[in-house]
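Model, not experiment: these values are computed from the prediction. All ligand and atom numbering here is 1-based and tracks the order in the structure. Only heavy atoms go into these numbers, but all of them, side chains included; no hydrogens, no water, no symmetry mates.
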Amino acid sequence: MEPILKEIYQGIIDAEQDIVREKVQQALNMEMEAGKILNEAMVPAMTEVGRLFEEGEYFVPEMLVCARAMQAGMSVLKPVMVEQNLQSVGRVVAGTVKGDLHDIGKNLVCMMLEGAAFEIYDLGSDVSPDAFVDKVKNSDANVVVMSALLTTTMPNMKNTIEALKAAGLRDKVKVMVGGAPLTQKYADDIGADGYAPDASRAVALAKRLVGA
Ligand code: B12
């Protein structure tokens, strides 16, 4: 790994927000691609944080501060990844489902979609089926992005799809689902229109779904 990427990677694991922010900026100044910084340093660092948690070396507070360091780095990358003045190719209602507070992956997907000229209505995390329905009803959205990181909250994706159906809105939107525990099979079983394993494939999927 290149030294600057190694420093970003280690900065996230050590939960050093300021260092991560500074090093990501430094990498950009060196004309390193934002996607490379994300995929080769930042995402692997969060995977390592997950491993440390599984092994009992990190606990929830450590995961949380590492997540903040990751988000600090993402805030530096965002303006670079979001191109300006592009014509909107689609409008997305996004959220992490009810009961689930993991929002890094969802934020990453939103950031990449925004960079690909989608407009984003980000409802945040712990989003109830009714909140998804309300936003779809009261906006011109044509895509719904749902994220879940917990096996216990995955069923809320199905509940949200059912709520969209009950409100007569299911045909108005394409529903995309994702998050580490998800699979294509699960997406098919709950009647989603698509699943992707990572943020860049999420963009390709969204474009395909809206015919862009
Ligand atoms: C950071 C973290 C936290 C932070 C979250 C902070 C935040 N703001 O997000 C905090 C500390 C709050 C947290 C809490 C908990 N966590 Co946690 N957490 C993690 C950790 C380490 C990293 C998750 C992450 O951000 N990954 C990086 C991102 C970039 O990856 P991602 O989310 O998968 O997203 C990518 C793809 O999945 C995809 N994607 C994501 N969403 C979508 C959506 C669509 C539509 C598409 C197409 C694609 C897509 O694209 C993304 C980018 O490529 C994981 C371990 C891991 N390795 O995943 C555990 C993990 C998810 N947590 C876990 C657990 C158990 C918990 C707690 C229950 C712990 C506790 N005892 O309290 C709580 C639950 C709180 C709650 N109600 O949500 C378990 C889940 C186990 C399970 N199978 O259900 C994991 C797997 C850890 C483990 N190995 O045990 N956690």
K.L.:
Nearest to atom 34 (O) of ligand 1 by heavy atom, G105, A45, G95: which?
P.N.:
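Ranked by closest heavy atom to atom 34 (O) of ligand 1, first place is G105.
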
K.L.:
Check ligand 1 against M146 and write out every atom of the ligand that is under 4.0 Å from a heavy-atom position of the residue.
P.N.:
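This gives 43 (C), 44 (C), 45 (C) as the contact atoms.
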
K.L.:
Answer with yes or no whether the hydrophobic clustering places L28 together with M1; edges join I, L, V, M, F, W, Y residues whose side-chain heavy atoms lie under 4.5 Å apart.
P.N.:
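Yes, L28 and M1 fall within the same hydrophobic cluster.
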
K.L.:
Tell me, yes or no, whether the heavy-atom count around N138 atom CG, taken from other residues, nucleotides or ligands under 6.0 Å, exceeds 12.
P.N.:
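Result for CG/N138: enclosed.
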
K.L.:
Does E7 come within less than 4.0 Å of K23, counting only side-chain N to carboxylate O?
P.N.:
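The answer is yes: the pair qualifies as a salt bridge.
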
K.L.:
Just jot down the ligand 1 atoms closer than 4.0 angstrom to any heavy atom of D100, in number order.
P.N.:
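Close to D100: 78 (O).
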
K.L.:
Return yes if some donor-acceptor pair links the side-chain N/O of E62 with the main-chain N/O of F59 below 3.5 Å, else return no.
P.N.:
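Here the side-chain-to-backbone pair exists.
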
K.L.:
Could you tell me the residue and atom name of the protein heavy atom closest to atom 12 (C) of ligand 1, and the distance to it rounded to 0.1 Å?
P.N.:
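Nearest protein contact, heavy atoms only, for atom 12 (C) of ligand 1 is L64 CD1, 3.8 Å.
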
K.L.:
Please work out, at 4.0 Å between heavy atoms, whether the side chain, the backbone, both, or neither of P197 comes within that distance of ligand 1.
P.N.:
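Just the backbone.
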
K.L.:
Strictly below 4.0 Å, N to O, side chains only: are D193 and R170 in salt-bridge contact?
P.N.:
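A salt bridge links D193 with R170.
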
K.L.:
Is the closest side-chain donor-acceptor distance between D103 and S125 under 3.5 Å?
P.N.:
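Absent: no donor and acceptor within the cut-off.
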
K.L.:
Name the closest protein heavy atom to atom 29 (C) of ligand 1, giving the residue it belongs to and the distance to 0.1 Å.
P.N.:
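For atom 29 (C) of ligand 1, the nearest protein heavy atom is L108 CD2, 3.8 Å.
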
K.L.:
With heavy atoms under 4.0 Å as the rule, classify the contact between I104 and ligand 1 as side chain, backbone, both or neither.
P.N.:
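Contact part for I104 vs ligand 1: both backbone and side chain.
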
K.L.:
Say whether S147, considering both its backbone and side-chain N or O atoms, lies within less than 3.5 Å of an N or O atom on ligand 1.
P.N.:
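Yes, since at least one N or O of S147 sits under 3.5 Å from an N or O of ligand 1.
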
K.L.:
Checking a contact table here: which protein heavy atom is nearest atom 77 (N) of ligand 1, and how many Å away?
P.N.:
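Minimum-distance protein heavy atom for atom 77 (N) of ligand 1 reads G99 O, 3.0 Å.
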
K.L.:
Under 4.0 Å between a side-chain nitrogen and a carboxylate oxygen: does that hold for R51 and E57?
P.N.:
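No, R51 and E57 are not salt-bridged.
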
K.L.:
Which residue owns the protein heavy atom closest to atom 39 (N) of ligand 1, what's the atom, and how far is it?
P.N.:
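Result: G179 N, 3.5 Å.
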
K.L.:
State the atoms of ligand 1, each with its element, that fall below the 4.0 Å cut-off from a heavy-atom position in A180.
P.N.:
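It comes down to these atoms of ligand 1: 33 (O), 37 (O).
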
K.L.:
For atom 86 (C) of ligand 1, is the nearest protein heavy atom closer than 4.0 Å?
P.N.:
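So atom 86 (C) of ligand 1 lacks protein heavy-atom neighbours under 4.0 Å.
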
K.L.:
Strictly inside 4.0 angstrom of atom 54 (C) of ligand 1, do you find any protein heavy atom?
P.N.:
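No, no protein heavy atom sits under 4.0 Å from atom 54 (C) of ligand 1.
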
K.L.:
Please could you name the atoms of ligand 1 that D198 approaches to less than 4.0 Å, counting only its heavy atoms?
P.N.:
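That gives atoms 38 (C), 50 (O), 53 (O) of ligand 1.
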
K.L.:
Does D103 approach ligand 1 within less than 4.0 angstrom via side chain, backbone, both or neither, non-hydrogen atoms only?
P.N.:
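The part of D103 near ligand 1 is both the backbone and the side chain.
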
K.L.:
Measure the distance from atom 84 (O) of ligand 1 to every protein heavy atom, then report the residue, atom name and distance (to 0.1 Å) of the closest one.
P.N.:
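The closest heavy atom on the protein side is T151 N, 3.0 Å.
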
K.L.:
Is the number of heavy atoms from other residues, nucleotides or ligands under 6.0 Å of E162 CD greater than 12?
P.N.:
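Enclosed.
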
K.L.:
Do S200 and D198 pair up side chain to side chain, a donor and an acceptor below 3.5 Å, judged on atom types alone?
P.N.:
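Side-chain D/A pair, S200 to D198: present.
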
K.L.:
What part of Q71, side chain, backbone, both or neither, has a heavy atom within less than 4.0 angstrom of ligand 1?
P.N.:
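Side chain only.
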
K.L.:
Is a donor on one side and an acceptor on the other found under 3.5 Å between the side chain of N142 and the backbone of G90?
P.N.:
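Side chain of N142 to backbone of G90, a donor-acceptor pair under 3.5 Å: no, none is there.
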
K.L.:
For a salt bridge (charged side-chain N to carboxylate O under 4.0 Å, His left out) with D140, tell me which candidate from K172, K135, R91 qualifies.
P.N.:
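For D140, the salt bridge (charged side-chain N to carboxylate O under 4.0 Å, His left out) test succeeds with only one of K172, K135, R91, which is R91.
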
K.L.:
Would you call K6 and E40 a salt bridge, taking side-chain N to carboxylate O under 4.0 Å as the test?
P.N.:
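Looking at K6 and E40, the cut-off is not met.
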
K.L.:
Do you know the tightest heavy-atom contact between P181 and A148?
P.N.:
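Taking P181 first and A148 second, the nearest heavy atoms are CD-O, 3.3 Å.
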
K.L.:
Is there a donor-acceptor pair closer than 3.5 Å between any side-chain N or O of D122 and the backbone N or O of G95?
P.N.:
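Not confirmed, D122 side chain does not pair with G95 backbone.
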
K.L.:
Which residue holds the protein heavy atom closest to atom 48 (C) of ligand 1, what is that atom called, and what is the gap in Å?
P.N.:
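Scanning the protein heavy atoms, the shortest distance from atom 48 (C) of ligand 1 goes to A196 O, 3.4 Å.
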
K.L.:
Given that the side chain starts at C-beta and the backbone is N, CA, C, O, which of these parts of A67 lies under 4.0 Å from ligand 1, counting heavy atoms, or is it both or neither?
P.N.:
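Only the side chain of A67 comes within reach of ligand 1.
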
K.L.:
Look only at interatomic distance and state if E54 has a nitrogen or oxygen under 3.5 Å from any nitrogen or oxygen of ligand 1.
P.N.:
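In this structure, E54 places an N or O atom under 3.5 Å from an N or O of ligand 1.
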
K.L.:
Is there a protein heavy atom less than 4.0 Å away from atom 67 (C) of ligand 1?
P.N.:
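Protein heavy atoms within 4.0 Å of atom 67 (C) of ligand 1 - there are none.
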
K.L.:
Taking only heavy atoms of V109 into account, list the atoms of ligand 1 that are under 4.0 Å away from them.
P.N.:
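Near V109, the atoms of ligand 1 are 39 (N), 42 (C), 48 (C), 49 (C), 50 (O).
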
K.L.:
Give the atom numbers and elements of ligand 1 that come within less than 4.0 Å of a heavy atom of A202.
P.N.:
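Once the distances to A202 are compared, the set is 47 (C).
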
K.L.:
Say whether T152, considering both its backbone and side-chain N or O atoms, lies within less than 3.5 Å of an N or O atom on ligand 1.
P.N.:
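No, T152 has no N/O under 3.5 Å of an N/O on ligand 1.
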
K.L.:
Please work out which of M112, M176, M46, R68 has its closest non-hydrogen atom nearest to atom 22 (C) of ligand 1.
P.N.:
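The option holding the nearest heavy atom is M46.
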
K.L.:
So what's near atom 17 (Co) of ligand 1, protein N, O or S atoms under 2.8 Å?
P.N.:
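Atoms qualifying: H102 NE2.
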
K.L.:
At under 4.0 Å between heavy atoms, which part of V177 makes contact with ligand 1: side chain, backbone, both or neither?
P.N.:
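Looking at V177 and ligand 1, just backbone atoms fall under 4.0 Å.
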
K.L.:
Where is the tightest heavy-atom contact between C66 and I12, given as atom of each residue plus distance?
P.N.:
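Of all heavy-atom pairs spanning C66 and I12, the closest is SG-O, 3.3 Å.
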
K.L.:
Give me the other members of the hydrophobic cluster that F132 sits in, counting Ile, Leu, Val, Met, Phe, Trp and Tyr linked by side-chain heavy atoms under 4.5 Å, directly or via other members.
P.N.:
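Members other than F132 - counting any ILVMFWY side chain reachable under 4.5 Å - are V93, V97, Y121, L123, V127, V133, V136, V144, M146, M154, M157, I161, L164, L169, V173, V175, V177, L182, Y186, I190, Y195.
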
K.L.:
Where is the nearest protein heavy atom to atom 46 (C) of ligand 1: which residue, which atom, and how far?
P.N.:
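For atom 46 (C) of ligand 1, the nearest protein heavy atom comes out as G178 CA, 3.5 Å.
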
K.L.:
Does D100 use its side chain to pair, donor to acceptor, with the backbone of D126 at less than 3.5 Å?
P.N.:
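No; judged by distance alone, with no hydrogens or angles, the pair does not exist.
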
K.L.:
Please determine which of M42, K36, Q10 meets the side chain to side chain contact (heavy atoms under 4.5 Å, CB included) test together with L5.
P.N.:
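That would be K36; it is the only one of M42, K36, Q10 passing the side chain to side chain contact (heavy atoms under 4.5 Å, CB included) with L5.
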
K.L.:
Under a 4.0 angstrom heavy-atom cut-off, which atoms of ligand 1 come close to V145?
P.N.:
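Those atoms are 45 (C).
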
K.L.:
Give the cluster check for V60 versus V49: same hydrophobic cluster or not, with ILVMFWY residues linked at side-chain heavy-atom distances below 4.5 Å.
P.N.:
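Looking at the clustering, V49 is in the same group as V60.
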
K.L.:
For K158, is the NZ atom crowded, meaning more than 12 foreign heavy atoms sit under 6.0 Å from it?
P.N.:
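No, because the 6.0 Å sphere around NZ of K158 holds 12 heavy atoms or fewer from other groups.
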
